[in-house]
Asks: 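Quick one: this structure, given as structure tokens, is what I'll be asking you about.
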Amino acid sequence: MSDDIPPEQIAMLKKAFDAFDREKKGCISTEMVKDILRMLEIPVDDATLKVIIDEVDEDGSGQLEFEEFVTLSARFLIEEDSEALEKELKEAFRLYDKEGNGYITTSVLREILKELDDKLTNEELDMMIEEIDTDGSGTVDFDEFMEVMTGE
């Protein structure tokens with residue numbers, strides 16, 4: 001999980017962790033986790049936090065070691081990144097959906113894909129478009145566009 005977090009965010013998490021590990025035991029109480037997340041501007045409600053802490057605090061000690069803390073934080077950081085990505089993709093989609101119809105044509109999508117990867121052959125583009133436009137309508141809505149761009 002921590003492989004997905006850039007080094008600068010790991011460093012930021014380490015600083016926050018160390019600040020709350022006042023006794024330098026290498027662990028913090030699970031109650032402090034919410035304060036740390038709030039300090040890092042990562043909003044979380046009590047119920048969600050409890051479920052995640054229960055999963056991360058494997059030994060059930062009520063203490064989180066740094067690695068466990070990173071695993072827990074990663075869930076929020078990655079979620080935040082995917083929300084930002086969706087927002088950016090929505091904006092890009094809106095730019096191509098000039099009439100505001102809620103869809104773009106497959107020919108426009110073909111141009112976007114070609115721009116992103118100019119090594120794609122026409123056959124590969126045809127296969128991708130065919131896979132996306134399953135009903136053969138010649139149009140792609142935002143959800144389909146999102147799926148193409150994120151691979152999810």
Side-chain angles (χ1 to χ4, degrees), residues 1-98 100 102-104 106 108-121 124-125 127-134 140-152:
M1 181 70 83
S2 62
D3 295 344
D4 297 334
I5 302 177
E8 62 275 7
Q9 281 187 322
I10 295 270
M12 176 186 72
L13 291 174
K14 182 72 174 136
K15 276 186 190 162
F17 184 87
D18 289 346
F20 283 87
D21 180 17
R22 291 190 184 96
E23 296 167 25
K24 305 297 174 224
K25 295 186 298 185
C27 58
I28 57 173
S29 72
T30 52
E31 287 101 51
M32 286 189 179
V33 172
K34 187 170 185 176
D35 293 336
I36 295 172
L37 292 175
R38 191 173 53 242
M39 185 178 92
L40 297 173
E41 297 178 12
I42 300 172
V44 62
D45 61 70
D46 290 338
T48 306
L49 186 63
K50 180 176 177 3
V51 168
I52 294 172
I53 285 177
D54 288 347
E55 286 174 26
V56 176
D57 185 18
E58 289 174 13
D59 56 4
S61 65
Q63 302 286 315
L64 291 186
E65 288 73 39
F66 180 66
E67 273 305 308
E68 291 174 324
F69 176 68
V70 169
T71 301
L72 177 140
S73 301
R75 295 173 187 227
F76 298 102
L77 295 170
I78 291 166
E79 197 173 286
E80 208 171 82
D81 289 347
S82 65
E83 285 171 15
L85 175 64
E86 183 172 347
K87 191 176 176 187
E88 286 171 25
L89 287 174
K90 217 170 237 166
E91 185 61 27
F93 184 83
R94 198 179 58 73
L95 292 173
Y96 288 104
D97 178 19
K98 289 177 179 57
Y103 62 82
I104 57 174
T106 51
V108 168
L109 180 62
R110 175 186 283 275
E111 289 171 30
I112 295 169
L113 294 172
K114 192 82 172 149
E115 251 176 63
L116 292 173
D117 185 354
D118 59 1
K119 291 177 180 49
L120 285 172
T121 66
E124 289 170 323
L125 286 167
M127 282 174 37
M128 291 171 82
I129 299 288
E130 204 174 291
E131 201 174 298
I132 298 152
D133 186 22
T134 51
V140 176
D141 66 20
F142 177 71
D143 290 335
E144 292 167 321
F145 178 72
M146 180 85 176
E147 202 173 296
V148 173
M149 302 315 256
T150 61
E152 293 175 10

Asks: Contact between Arg110 and Ile129 at the side-chain level, heavy atoms closer than 4.5 Å - yes or no?
Replies: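 SC-SC contact between Arg110 and Ile129 confirmed.
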Asks: Are Lys114 and Leu125 close enough, and set up right, to give a side-chain contact (heavy atoms from CB on, under 4.5 Å), and what steps lead you there?
Replies: CA-CA 8 Å; Lys114 192 82 172 149; Leu125 286 167; 3.6 Å; yes
Asks: How many angstroms lie between CG in Leu89 and CD in Glu147, if you round to the nearest 0.5 Å?
Replies: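 Reported to 0.5 Å precision, the distance equals 12.5 Å.
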Asks: How far does CD of Glu55 sit from OG1 of Thr71, to the nearest 0.5 angstrom?
Replies: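 Spacing of CD (Glu55) from OG1 (Thr71) equals 11.0 Å.
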Asks: What residues, two or more places apart in sequence or in another chain, satisfy side-chain hydrogen bond (donor to acceptor under 3.5 Å, both in side chains) together with Asp141?
Replies: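 Here no residue qualifies.
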Asks: Does Lys24 reach the main-chain N or O of Asp18 with its side chain, forming a donor-acceptor pair under 3.5 Å?
Replies: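 Such a contact is found between Lys24 side chain and Asp18 backbone.
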Asks: Could you give me the CA-CA distance, side-chain angles and deciding distance for Ile132 and Thr106, then say whether side-chain contact (heavy atoms from CB on, under 4.5 Å) is met?
Replies: CA-CA 9 Å; Ile132 298 152; Thr106 51; over 6 Å; no
Asks: For Lys119, which residues count as a side chain to side chain contact (heavy atoms under 4.5 Å, CB included) partner, sequence neighbours excluded?
Replies: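 Counting only residues at least two positions away or on another chain, Lys119 forms a side chain to side chain contact (heavy atoms under 4.5 Å, CB included) with Asp117.
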Asks: Using 0.5 Å steps for rounding, measure from the CG atom of Leu109 to the OH atom of Tyr103.
Replies: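 If I round to the nearest 0.5 Å, the distance is 14.5 Å.
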Asks: Restricting to side chain to side chain contact (heavy atoms under 4.5 Å, CB included), what partner residues turn up for Arg94, sequence neighbours left out?
Replies: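 Applying side chain to side chain contact (heavy atoms under 4.5 Å, CB included) to Arg94 gives Glu91.
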Asks: For Lys15, which residues count as a salt bridge (Lys or Arg N to Asp or Glu O under 4.0 Å) partner, sequence neighbours excluded?
Replies: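 So Lys15 forms no salt bridge (Lys or Arg N to Asp or Glu O under 4.0 Å) with any residue.
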Asks: So, taking the atom named CG in Asp133 and the one named CD in Glu144, what distance separates them when rounded to the nearest 0.5 Å?
Replies: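 Spacing of CG (Asp133) from CD (Glu144) equals 6.5 Å.
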Asks: Would you give the length of the straight line joining atom CD of Glu124 to atom CG of Leu113, rounded to the nearest 0.5 angstrom?
Replies: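 Result: 11.0 Å between the selected atoms.
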Asks: Run the side chain to side chain contact (heavy atoms under 4.5 Å, CB included) test against Lys90 and tell me which residues pass, sequence neighbours left out.
Replies: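 If we apply the side chain to side chain contact (heavy atoms under 4.5 Å, CB included) test to Lys90, skipping adjacent residues, the hits are Glu86, Phe142.
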Asks: Kindly write out the residues that satisfy side chain to side chain contact (heavy atoms under 4.5 Å, CB included) with Glu131, not counting sequence neighbours, or none if the list is empty.
Replies: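 For Glu131 there are no side chain to side chain contact (heavy atoms under 4.5 Å, CB included) partners, ignoring immediate neighbours.
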Asks: Would you please name every residue forming a ring-ring contact (aromatic ring centres under 6.0 Å, His included) with Phe17, sequence neighbours left out?
Replies: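 Only Phe66, Phe69 meet the ring-ring contact (aromatic ring centres under 6.0 Å, His included) criterion with Phe17.
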Asks: NZ/Lys50 to CG/Asp57 distance, rounded to the nearest 0.5 angstrom?
Replies: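 Lys50 atom NZ to Asp57 atom CG measures 10.0 Å (nearest 0.5 Å).
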Asks: Could you work out, with salt bridge (Lys or Arg N to Asp or Glu O under 4.0 Å) as the rule, every residue matching Glu23, not counting sequence neighbours?
Replies: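 For Glu23 the salt bridge (Lys or Arg N to Asp or Glu O under 4.0 Å) partners, ignoring immediate neighbours, are Lys25.
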Asks: Exactly one of Val140, Val108, Ile104 should register a side chain to side chain contact (heavy atoms under 4.5 Å, CB included) with Asp97. Which one does?
Replies: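 Single side chain to side chain contact (heavy atoms under 4.5 Å, CB included) partner of Asp97 among Val140, Val108, Ile104: Ile104.
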Asks: Kindly write out the residues that satisfy salt bridge (Lys or Arg N to Asp or Glu O under 4.0 Å) with Asp46, not counting sequence neighbours, or none if the list is empty.
Replies: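 With neighbours one apart ignored, the set is Lys34.
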Asks: Can you list everything that forms a salt bridge (Lys or Arg N to Asp or Glu O under 4.0 Å) with Glu130? Sequence neighbours excluded, please.
Replies: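 So Glu130 forms no salt bridge (Lys or Arg N to Asp or Glu O under 4.0 Å) with any residue.
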Asks: Who are the side-chain hydrogen bond (donor to acceptor under 3.5 Å, both in side chains) partners of Ser29, not counting sequence neighbours?
Replies: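 Expected list: none.
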Asks: Write out all pairs satisfying ring pair (Phe, Tyr, Trp, His ring centres under 6.0 Å) with one or both partners inside residues 20-51, taking only residues at least two apart or from two chains.
Replies: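 Checked against ring pair (Phe, Tyr, Trp, His ring centres under 6.0 Å) - neighbours excluded - no pair reaches residues 20-51.
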